[in-house]
Amino acid sequence: MTPPTRDDTSGAGTSSTGTSSTGRTAGSSVRGAHGSVLVLNSGSSSLKYQLVHPVGGEAIASGIVERIGESGPGHVKHTFAGNSTTRESPVADHDAALRLAIGLFDEVGPSLAEADVRAVGHRVVHGGARFGEPVLVTDEVLRQIRDLTPLAPLHNPANATGIEVARELMPDVPHVAVFDTAFFRTLPEAASTYAIDRAVAQQHGVRRYGFHGTSHQYVSGKVARVLGRPLEDLNQIVLHLGNGASASAVRGGEAVETSMGLTPLEGLVMGTRSGDIDPAVVFHLVRNAGMSIDEVDELLNKRSGIKGISGENDFRELHEKIADGDRPAKLALDVYVHRLRKYVGAYAAVLGRVDVISFTAGVGENDDEVRAAVMAGLEGFGFAIDPERNAGRVKEPRVISPDWARTTVMVVPTDEELAIARQALTVAQGR
Ligand code: ADP
């Protein structure tokens with residue numbers, strides 16, 4: 001999830017900066033007309049949280065606890081009403097992390113009791129074939145989320161632990177699991193099936209699931225609202241370009257193709273992940289380079305992508321290196337853009353007609369050079385970017401294609417927390 005607020009605070013203490021990067025700042029009232037929803041995203045060593053007004057859409061407060069269970073002090077940052085409070089203290093486990101966060105709500109505000117929390121929405125990475133919709137968490141649901149661990153060994157156990165401790169600490173509020181894979185339940189079989197032995201695939205759940213679904217769904221829905229056109233009428237390509245990156249093809253609001261697969265490793269080149277690669281590279285490295293499977297796993301997930309090529313995984317630094325004449329940095333950007341263009345072309349063929357292409361997440365929202373490079377020379381497809389519109393920097397969704405272009409190209413800030421909050425509230429209200 002993108003941290004919801006930006007500021008320059010470091011070290012302990014309180015400062016009063018804070019511009020919402022999502023453009024959602026809380027009004028004076030902590031208690032919205034429809035209460036609030038606490039959104040939790042539990043990673044293996046971090047816990048991100050955001051308190052959201054699900055109807056108005058404002059982020060009331062947010063925070064992150066980092067270095068959970070690691071040696072040395074953990075790092076906590078809590079932001080409320082434009083002020084950030086940071087703390088350094090050991091955080092033994094997720095239980096301690098959530099207690100710290102709840103403590104900061106009590107101490108710095110807003111009081112969770114006053115905020116009238118109607119639901120806790122949990123981001124869960126893998127819903128497998130079992131979960132195609134957000135669900136109210138029960139003991140059985142929690143067990144099933146844990147059962148999906150083989151498909152998402154880094155994510156689902158941490159997600160489940162976060163749910164478990166949150167249910168213990170907030171037992172009176174409904175907890176809802178919102179799955180990153182759910183939006184892709186509509187993929188046609190031709191798109192979700194890998195061409196391997198069918199029995200093996202079925203026995204081991206080997207298929208394309210897709211990830212970042214909450215973002216792809218939110219952005220494609222937002223596009224329709226911003227353009228004032230029925231979602232059912234639109235063929236869209238959504239490019240979610242953050243640290244992780246994925247593309248989707250969405251026809252009439254339903255996902256018909258996406259770039260991530262069994263895991264979030266497939267598809268686009270990412271900050272540290274390879275994306276598409278010949279599977280035989282794995283055999284080659286195991287057989288001939290003496291690497292273990294775990295080492296190859298680590299290589300492809302953590303030492304690949306633009307970092308693997310250039311040593312740098314942040315696009316701001318990458319551009320600086322390129323400006324200094326660094327050739328690997330330039331190559332990394334070229335490889336990244338080349339892969340994206342291949343996907344845009346492929347998804348145009350999947351859809352037959354493309355009405356809207358939207359860029360979202362950290363790179364997609366901020367990097368006008370990447371956007372321009374992806375769309376360059378594609379006028380023959382009906383795709384073009386207006387340089388002036390592309391260069392503008394606002395946090396609102398906006399069109400960056402020229403008026404004459406057949407396809408509308410947009411920048412649409414994603415808001416996974418708000419999407420999770422709204423889905424969680426809907427499920428909680430329907431209990
Ligand atoms: P995630 O949620 O996947 O962790 P984000 O969507 O927050 O990631 O995207 C983070 C990435 O966005 C950073 O690693 C950086 O490469 C990129 N990014 C953030 N701000 C900018 C910017 N102003 N210009 C270019 N890239 C940016």
**OP:** Give the C-alpha distance, both sets of side-chain angles, the deciding distance and a yes or no for side-chain contact (heavy atoms from CB on, under 4.5 Å) between L169 and D95.
**Re:** CA-CA 8 Å; L169 294 177; D95 182 78; 4.3 Å; yes

Original post:
Residues two or more places apart in sequence or in another chain: which of them pass side-chain contact (heavy atoms from CB on, under 4.5 Å) with T193?
Top reply: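 If we apply the side-chain contact (heavy atoms from CB on, under 4.5 Å) test to T193, skipping adjacent residues, the hits are E189.
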
Original post:
Considering residues at least two apart in sequence or located in another chain, which fulfil the side-chain contact (heavy atoms from CB on, under 4.5 Å) criterion with S274?
Top reply: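 Partners of S274 by the side-chain contact (heavy atoms from CB on, under 4.5 Å) criterion, ordered by chain and then number, come out as L265, I277, L300, S304.
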
[X]: what forms a side chain to side chain donor-acceptor pair (under 3.5 Å) with it, not counting sequence neighbours?
X: R303; answer: E298
X: E320; answer: none
X: D106; answer: none
X: R422; answer: none

Original post:
So, F105 versus H78, ring centres under 6.0 angstrom or not?
Top reply: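 Yes; H78 has its ring centre under 6.0 Å from that of F105.
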
Subject >> Centroid separation F179 to H126 less than 6.0 Å >> reply: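 So the answer is no for these two rings.
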
Do [X] side-chain atoms and [Y] backbone N/O form a donor-acceptor pair below 3.5 Å?
X: R146; Y: R143; value: no
X: T181; Y: G127; value: yes
X: E365; Y: T414; value: yes
X: S358; Y: M410; value: no
X: Q236; Y: S220; value: yes
X: T360; Y: V412; value: yes
X: E164; Y: T161; value: no
X: K321; Y: S310; value: yes
X: S246; Y: M260; value: no
X: R393; Y: N366; value: yes

Under 4.0 Å between a Lys/Arg side-chain N and an Asp/Glu carboxylate O for [X] and [Y]?
X: D139; Y: R167; result: yes
X: R371; Y: D367; result: no
X: D326; Y: K330; result: no

Original post:
Under the side chain to side chain donor-acceptor pair (under 3.5 Å) rule, what pairs show up with a residue in residues 247-256, not counting sequence neighbours?
Top reply: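 Checked against side chain to side chain donor-acceptor pair (under 3.5 Å) - neighbours excluded - the pairs reaching residues 247-256 are H216-S248.
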
Original post:
Taking only residues at least two apart or on different chains, which pairs with a member in residues 259-268 satisfy side chain to side chain donor-acceptor pair (under 3.5 Å)?
Top reply: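 Applying side chain to side chain donor-acceptor pair (under 3.5 Å) to every pair that reaches into residues 259-268, excluding sequence neighbours, yields Y194-E266, R208-E266.
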
Original post:
Given N159, which of V124, L148, T149 fulfils the side chain to side chain contact (heavy atoms under 4.5 Å, CB included) condition?
Top reply: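 Exactly one candidate clears the test, V124.
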
Once ring pair (Phe, Tyr, Trp, His ring centres under 6.0 Å) is applied, what residue pairs with a partner in [range] remain, sequence neighbours excluded?
range: residues 260-282; value: none
range: residues 313-341; value: F315-Y336
range: residues 275-308; value: none

Subject >> Pairwise salt bridge (Lys or Arg N to Asp or Glu O under 4.0 Å) hits with a residue in residues 170-181, at least two apart >> reply: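 Checked against salt bridge (Lys or Arg N to Asp or Glu O under 4.0 Å) - neighbours excluded - the pairs reaching residues 170-181 are R123-D180.
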
Original post:
When rounded to the nearest 0.5 angstrom, what distance separates CD1 in I145 from CD in E140?
Top reply: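 Reported value, rounded in 0.5 Å steps: 10.5 Å.
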
